[in-house]
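Okay, so here's the structure we're looking at.
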Amino acid sequence: MPEAKPLYPIAGKRVWVAGHRGLVGSAVVRRLQYEDCEILIAPRQQIDLRQSDQVSNWIRDARPQAVVVAAARVGGIHANDTRPAEFLYDNLMIEANIIEAARQSRVEKLIFLGSSCIYPRLAPQPIPESALLTGPLEPTNEWYAIAKIAGIKLCQAYRKQYGCDYISAMPTNLYGPGDNFDVMQGHVIPALMSKIHRAKESGAETVEVWGSGRALREFLYVDDAADGIVHILKHYSDAEHVNLGTGDEITIRDLAKLMTEVIGFKGKLVFDTSKPDGTPRKVMEVERLRSMGWQAGTSLRTGLEQTYRWYVNHHLAEQRAIA
Ligand code: GDP
C-alpha cells in the first residue's frame with residue numbers, strides 16, 4: 001500500500017534521536033537514513049541527559065525541529081526489580097529535561113517512547129490504549145512504568161497547556177541487534193541468547209530459564225519498531241499514546257524452544273521457578289496503529305535468526321577484541 005501523505009513530513013527536517021546508542025535509538029537512526037532528513041545525535045561523553053542545563057544547551061545549539069525520545073534507563077526483570085531508584089529517577093529526569101527543553105526551543109514535533117509495562121498487571125488482553133491507569137501495576141517493573149506514564153502525561157500536558165505537537169508510542173518487548181546481552185541485566189531474548197549460545201559452545205546439557213515458562217509475551221523486532229516509530233511520527237498527532245506491537249504472543253517456554261532451534265542447542269531447558277514470572281500476560285491491541293496503515297513485517301523466527309547472527313558476528317567479536 002502506498003504511504004498516505006504525512007501529517008508531519010520530515011523531509012528536510014533536523015531530527016534529534018536522543019539515545020542513539022541504545023537498542024531502539026540505534027535502529028531509529030538506521031531507519032531515518034532512508035528519509036530525506038538531517039539526523040542529529042548528541043555525543044554521550046559530553047551530555048548527561050539527566051542534567052537539565054546540559055540538555056537545554058544542547059537543544060538550543062543543535063536546533064532540532066523534531067525529536068525522538070529513545071533515551072532511557074532500561075533492563076530486564078531482574079534489573080528493574082533490584083535497581084528501582086535508577087529506573088525511576090533517571091527516566092523521570094531524562095524525559096522531563098528533553099520535553100521541557102524541546103518546548104523552550106520550539107521543537108515542532110516530539111515522539112516519546114515508553115513500554116507496554118505501563119499497563120496494569122491484570123489489564124484486559126489484548127491491551128487497548130484505554131487500559132492505562134485502570135489498575136495496579138506489575139511490582140517487578142512499576143518504577144520504570146511510573147516514569148514512562150509520567151512521560152506520556154508530560155506530552156499530554158504540554159499539548160494541552162502549550163499546544164506542543166508531542167506524542168507518545170508504547171512499543172511492546174523489543175529485541176534485536178544492539179541489545180544488552182548481559183545475563184543478569186538483559187531482557188529475556190538477549191539473556192537467553194547468551195546463555196544458550198554459551199551452553200552450546202561448552203557442550204553443557206542444560207540451560208536455565210527463569211520462571212515457570214508459562215508467562216506470555218509479545219516481541220517486536222527492533223527494526224520493525226523503528227519503522228513503526230517513524231510512521232507514527234509522520235502520521236499521528238493526538239494526545240493519547242499509540243501501542244506499537246505485533247498483536248501476537250508466545251509463552252516463554254515456546255520462545256526458549258524456538259531459540260534453541262535457531263542457535264542449534266541440543267540440550268534441555270530447565271525452569272527455575274524460584275525466579276519471578278513477572279506479569280502473567282502482556283499482548284497489546286494494535287488496531288490504532290493498523291488503522292494508520294502500519295504493521296510489523298518480521299516473523300519472530302526471522303528476527304531471532306538476524307539477532308543471533310549479529311550477536312555472533314558483532315557482539316562476541318567486539319568482546320573478543322576488547323579482551
Ligand atoms: P518483562 O517482560 O518485564 O517481564 O521482562 P523480561 O524480558 O526480563 O522477562 C520476560 C519473561 O521471561 C519473564 O517471565 C522472565 O521470568 C522470563 N525469563 C526466562 N528466562 C529469563 C532470563 O534468562 N532473563 C530474563 N530477563 N527473563 C527471563
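Every number for a ligand or one of its atoms is a count from 1 in the order of the listing. All heavy atoms count here, side chains included; hydrogens, waters and symmetry mates do not.
- Of the protein's non-hydrogen atoms, the one nearest atom 8 (O) of ligand 1 is Ile77 N, 2.8 Å.
- With distances taken over non-hydrogen atoms, the option nearest atom 22 (C) of ligand 1 out of Tyr175, Trp210, Tyr144 is Trp210.
- Counting only distance, with no hydrogens or angles, the side chain of Ser26 and the backbone of Leu23 share a donor-acceptor pair below 3.5 Å.
- Heavy atoms of Lys282 approach ligand 1 to within less than 4.0 angstrom.
- Selection from Arg217, Arg214, Arg253, Lys275 by nearest heavy atom to atom 10 (C) of ligand 1 gives Arg217.
- The nearest non-hydrogen atom to atom 12 (O) of ligand 1, considering only Asp81, Val188, Val209, Thr279, comes from Val188.
- Residue contacts with ligand 1 for Pro276 involve N, CA, C or O but no side-chain atom from C-beta outward (heavy atoms, distance under 4.0 Å).
- For Arg60 and Gln104, the side-chain atoms include no donor-acceptor pair closer than 3.5 Å.
- Around atom 26 (N) of ligand 1, the closest heavy atom drawn from Gly186, Gly76, Ala191 belongs to Gly186.
- A cation-pi contact, defined as under 6.0 Å to the ring centre and within 45° of the axis, is absent between Arg50 and Tyr89.
- The side chain of Asn173, and not its backbone, has at least one atom closer than 4.0 Å to an atom of ligand 1 (non-hydrogen atoms only; side chain from C-beta on).
- Using a 4.0 Å cutoff on heavy atoms, Glu138 does not count as a contact of ligand 1.
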